[in-house]
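The basis for the numbers below is simple: all heavy atoms, side chains too, and nothing from hydrogens, waters or symmetry mates.
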Amino acid sequence: MQSAMFLAIQHNCGPVERSSPGGCQKNEEKRGKMKKTILKDWKTRLSYFLQNSQNTSNGSPTHQNKRGKKNAYCRPTPEEAKSWSETFDDLLASKYGITAFRAFLKSEFSEENIEFWLACEDFKKTKSPHKLTAKSKKIYDEFIEKEAPKEINIDFQTRENIIQTIQEPSHSCFCAAQKRVYSLMENNSYPRFLQSEFYQELCQPLSQMPKEPQAT
């Protein structure tokens with residue numbers, strides 16, 4: 001009898017509070033808005049790069065610096081952009097390709113990977129022992145140390161080896177970590193970049209590029 005009364009009271013008072021479907025829907029909406037914001041930011045960056053390269057000379061897109069030399073970030077031809085899909089190294093060999101890929105990684109919250117890779121490339125070209133020491137510390141503090149501002153995803157042993165080698169830094173200090181990050185980008189981010197609408201736009205002729213609305 002008491003059990004029946006308890007069930008009746010529970011029925012009248014309503015069910016125990018649980019996370020409502022509406023709450024889940026709101027979370028999904030927030031994620032959707034965040035994704036749209038990221039995509040919009042990516043597209044703004046891409047448009048900025050393209051806009052700065054659309055100064056023309058004899059009908060060809062060029063962008064010159066103050067000394068009159070061709071800027072490294074001028075818009076590539078569709079053929080050049082398409083060549084980035086052949087290998088990941090072809091993309092990294094292009095300064096414009098790196099710029100576009102970097103912006104894409106930023107939209108995925110993983111720009112630390114390409115930034116670390118670029119820092120390692122610069123590190124390996126450093127000749128001064130003093131600068132080598134300073135740069136090794138900067139790379140460690142920024143990318144390697146636990147909870148670093150741009151911590152990369154490497155295993156414990158690789159991190160420990162770096163800690164040991166940077167005591168007397170050489171050009172090979174970060175080689176293992178750089179290879180790890182290279183592999184992550186090549187196998188994960190790079191294929192997604194090639195499938196993105198942003199890369200597809202780069203492969204289109206200028207005449208087919210969507211025009212931005214003019215400000216009034």
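At a threshold of 4.5 Å between non-hydrogen side-chain atoms, the residues E80 and T77 count as touching. F101 is listed as a side-chain neighbour of F88, based on a closest heavy-atom distance under 4.5 Å. Counting heavy atoms from C-beta outward, L92 and W84 have side chains that stay 4.5 Å or more apart.
Considering only residues two or more places apart in sequence or on other chains, Y140 meets the ring pair (Phe, Tyr, Trp, His ring centres under 6.0 Å) condition with none of them.
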Inset, instruction - With side-chain contact (heavy atoms from CB on, under 4.5 Å) as the test, would you mind laying out the steps for M185 and L105 before giving the verdict? - result: CA-CA 9 Å; M185 292 191 296; L105 290 181; 4.1 Å; yes
Legend entry - Candidate pair Q200 and L194, rule side-chain contact (heavy atoms from CB on, under 4.5 Å), full reasoning: CA-CA 7 Å; Q200 299 302 322; L194 296 180; 5.7 Å; no
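For the pair S196 (side chain) and Y199 (backbone), a donor-acceptor distance under 3.5 Å is present. At least one donor-acceptor pair under 3.5 Å links the side chain of S85 to the backbone N or O of K82. Side chain of Q195 to backbone of P191: no donor-acceptor contact under 3.5 angstrom is found. No donor-acceptor pair under 3.5 Å is formed between the side chain of E112 and the backbone N or O of E142. Under a 3.5 Å cut-off, the side chain of S94 and the backbone N or O of D90 do not form any donor-acceptor pair.
Residue F104 comes nearest to S189 through the heavy atom pair CE2-O, 3.6 Å, listed as atom of the first residue, atom of the second, then distance. In plain terms, the two heavy atoms of E111 and K106 that are nearest each other are OE1-CA, 3.5 Å. Between R102 and I114 the shortest heavy-atom distance is CG-CG2, 3.7 Å. Contact record, C173 with F123: CB-CE2, 4.3 Å, taken as the closest heavy-atom pair. Smallest separation of non-hydrogen atoms from L202 and A100: CD1-CB, 4.1 Å. Here the shortest heavy-atom pairing between S136 and I166 reads CB-CG2, 4.3 Å.
Counted by atom type alone, Y182 and D89 present one or more donor-acceptor pairs between their side chains at under 3.5 Å. A donor-acceptor pair shorter than 3.5 Å cannot be found between the side chains of K131 and T126.
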Run the side-chain donor-acceptor check on residues 151-160: report pairs under 3.5 Å with partners two or more places apart or on a different chain.
unit_1, atom_1, unit_2, atom_2, d
E151, OE1, E147, N, 2.9
E151, OE2, R159, NH2, 3.2
D155, OD1, Q157, N, 3.1
D155, OD1, T158, N, 2.8
D155, OD1, T158, OG1, 3.0
D155, OD2, T158, OG1, 2.9
Q157, NE2, N161, OD1, 3.1
R159, NE, I144, O, 2.8
R159, NH2, I144, O, 3.4

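We find the CZ-CD1 distance between F174 and I162 to be 6.0 Å, quoted to the nearest 0.5 Å. In this structure, T133 OG1 and K135 NZ are separated by 11.5 Å, a value rounded to the nearest 0.5 Å. Remark: N113 CG to Q178 CD distance equals 11.5 Å, nearest 0.5 Å. For the atom pair OG (S110) and NZ (K150), the distance works out to 12.5 Å, reported to the nearest 0.5 Å. Distance OG/S172 to NZ/K124: 10.0 Å, rounded to 0.5 Å.
Under a hydrophobic-cluster definition in which Ile, Leu, Val, Met, Phe, Trp and Tyr are linked whenever side-chain heavy atoms come within less than 4.5 Å, directly or via other members, F116 and I98 are assigned to the same cluster.
Pairs of residues two or more places apart, or lying in two chains, never qualify as salt bridge (charged side-chain N to carboxylate O under 4.0 Å, His left out) while including a residue from residues 162-183.
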